[in-house]
Amino acid sequence: MTIINQELQQIISRPGPPRDRLQQVLRDIFQARVDDNGFLQITPRLRQLKLSPVDPFFAAFRQLVIREYRTNAGLRQDELGHHLHLFRSYLDLFYLNAIRAFPGVSDYQKLLASTRTYRLRLDYQTSSRYHNRCPGQFDYPRNMKVQLLRNSWRLTRNPARMIELIVNIDTGAFVSEWDQYRVGPTNQVISAPTAYAPAQLAAIANTESFNYGVPHGQYPGYEKLTSA
C-alpha cells in the first residue's frame, strides 16, 4: 500500500483549492460511492490500508476539510460534505489496521504498545456517553473513549484528539463498526441494517469516530484553531 500512501500525500500537498484535493482523494484514490443503503463503498482492497495515527495525511486532510467547510452548515451543505462525513469511517479503519499490527493480547494493549513506538500521550478526558448506547435499559458505562494526540497548539494541521478509539472496559477490545461488518460476493461491505443482529447494530452505533473538528475536551481556547 506504499504507493497509495505516496499518492495521498501528493494530492494533499499539491497547491490548489481544498475542494479539488478532497474530491481527488475520494474519487481518484478510493473511487468512493454511496450505495442504495446510504453507505459509502470504496475499492475493496483499500480497506486493508494501514495509516499510523501520526501519519501526516490525517492532519492535512482534516485541515482541508476545515478550510472548505467554514459555515455553520458544515458538512451538511453539499454532496461532497456528506461523502466526507461518511468517509470518516474509513479513516477510522485505516488507523485501526495500523494499531492492530502491534503486539498485545488485547486491542488496548496494542494501542499502548503503539504509543510507546510513536511517543504519544493518550487523552481520556472526553465524554463517552455517545458510545455507550444499548438496546435495553442503561445500567452503567461499558466503554471508554480514548483520543490522540492528547494536545497540540498548532495553528494549522492540528492533530489534537483527531484519532478516536472506543475501548470495552472489561475486555480491552475496541468497539468498532468494522468488527461487525461482513462482505458480500463482490467484496463490498454488506450495508443493509437488516443483515445485522441488534447487538451488532449496537456496536456499530457505539463505534469510534474520526474528528474533523478539534474537540475541546478539558482544554479551552481551541476555537481559534478550527478556522485557521
Side-chain angles (χ1 to χ4, degrees), residues 1-12 20-58 60-62 64-65 75 78-104 106-107 110-111 114 131 133 143 162-168 171 173-212:
M1 293 290 180
T2 303
I3 294 177
I4 298 298
N5 293 34
Q6 292 173 349
E7 290 178 350
L8 288 173
Q9 293 297 341
Q10 288 172 359
I11 291 174
I12 291 297
D20 291 349
R21 286 179 279 171
L22 292 169
Q23 288 176 324
Q24 282 184 302
V25 169
L26 295 186
R27 180 190 63 223
D28 299 342
I29 301 296
F30 293 99
Q31 298 180 359
R33 64 173 184 84
V34 177
D35 67 16
D36 293 339
N37 295 306
F39 188 90
L40 191 74
Q41 302 281 0
I42 67 169
T43 302
R45 67 180 179 85
L46 295 184
R47 293 200 301 268
Q48 307 304 316
L49 181 64
K50 295 183 179 73
L51 292 178
S52 93
V54 295
D55 193 294
F57 168 77
F58 287 122
F61 193 76
R62 175 195 233 182
L64 291 179
V65 173
L75 298 178
D78 59 21
E79 184 179 42
L80 175 60
H82 180 60
H83 289 186
L84 289 168
H85 169 70
L86 298 175
F87 188 62
R88 294 186 306 150
S89 294
Y90 290 100
L91 297 176
D92 297 330
L93 177 61
F94 302 151
Y95 62 72
L96 283 176
N97 290 342
I99 291 171
R100 281 176 160 166
F102 280 83
S106 69
D107 287 328
K110 294 177 181 181
L111 172 63
S114 75
H131 303 276
R133 302 178 181 93
N143 305 323
M162 178 174 55
I163 306 297
E164 180 177 292
L165 299 146
I166 309 303
V167 181
N168 181 281
T171 67
F174 290 148
V175 179
S176 174
E177 61 187 311
W178 292 106
D179 293 334
Q180 308 303 322
Y181 293 143
R182 304 189 305 275
V183 298
T186 62
N187 208 21
Q188 296 285 354
V189 175
I190 298 173
S191 59
T194 54
Y196 299 97
Q200 292 175 300
L201 294 173
I204 292 171
N206 288 329
T207 193
E208 68 285 316
S209 180
F210 184 91
N211 292 301
Y212 287 136

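These numbers come from the heavy atoms of this one structure, side chains and all, not from hydrogens, waters or symmetry mates.
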**Report entry** Tyr95 and Phe57 aromatic centres sub-6.0 Å
**Finding:**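 Judged by ring-centre distance (under 6.0 Å), Tyr95 and Phe57 do not meet the cut-off.
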
Query - Pair Phe210 and Phe87, ring centroids less than 6.0 Å apart - result: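 No, they do not, as the ring centres are separated by 6.0 Å or more.
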
Report task. Drop me the distance from Leu96's CG to Leu165's CG, to the nearest 0.5 angstrom. Result ->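 Output value for this atom pair is 6.0 Å.
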
Requested in this report: To the nearest 0.5 angstrom, please state how far the CD1 atom of Ile29 sits from the CD1 atom of Ile11.
Outcome: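 That separation rounds to 4.0 Å.
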
**Report entry** Close side-chain approach of Ser89 to Leu40, heavy-atom, < 4.5 Å
**Finding:**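 Answer no - side chains too far apart.
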
Query raised in the report: Relative to Phe94, does Arg47 satisfy both conditions: NZ or CZ under 6.0 angstrom from the six-membered ring centre, and within 45 degrees of the ring's axis?
Result: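 Not flagged: Arg47 not positioned over aromatic ring of Phe94.
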
Query raised in the report: When you look at His83 and Leu75, which way does the side-chain contact (heavy atoms from CB on, under 4.5 Å) test go after all the steps?
Result: CA-CA 9 Å; His83 289 186; Leu75 298 178; over 6 Å; no

Query raised in the report: ring-ring contact (aromatic ring centres under 6.0 Å, His included) between Phe39 and Tyr181: does it pass, once the steps are laid out?
Result: CA-CA 12 Å; Phe39 188 90; Tyr181 293 143; 5.3 Å; yes

Report task. Return yes if a side-chain donor-acceptor contact under 3.5 Å exists between Thr171 and Asn168, otherwise no. Result ->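 There is such a pair between these side chains.
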
Report task. Using distance alone, with no hydrogens and no angle criterion, decide if Asp55 and Gln9 have a side-chain donor and acceptor under 3.5 Å apart. Result ->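 Yes, because at least one side-chain N or O of Asp55 sits under 3.5 Å from a partner of the opposite role on Gln9.
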
Report task. Please step through side chain to side chain donor-acceptor pair (under 3.5 Å) for the pair Glu164 and Ser209, ending with a clear verdict. Result -> CA-CA 6 Å; Glu164 180 177 292; Ser209 180; 4.7 Å; no

**Report entry** salt_bridge(Arg21, Asp28) N-O dist < 4.0 Å
**Finding:**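 Asp28 and Arg21: not salt-bridged.
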
Query raised in the report: Do you know which two heavy atoms are closest between Lys110 and Gly104, and how far apart they sit?
Result: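 Scanning both residues completely, I find the closest heavy atoms to be CE-O, 3.2 Å.
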
Report task. Take Phe174 and Thr207 through the test side-chain contact (heavy atoms from CB on, under 4.5 Å) and record every step on the way to the result. Result -> CA-CA 9 Å; Phe174 290 148; Thr207 193; over 6 Å; no

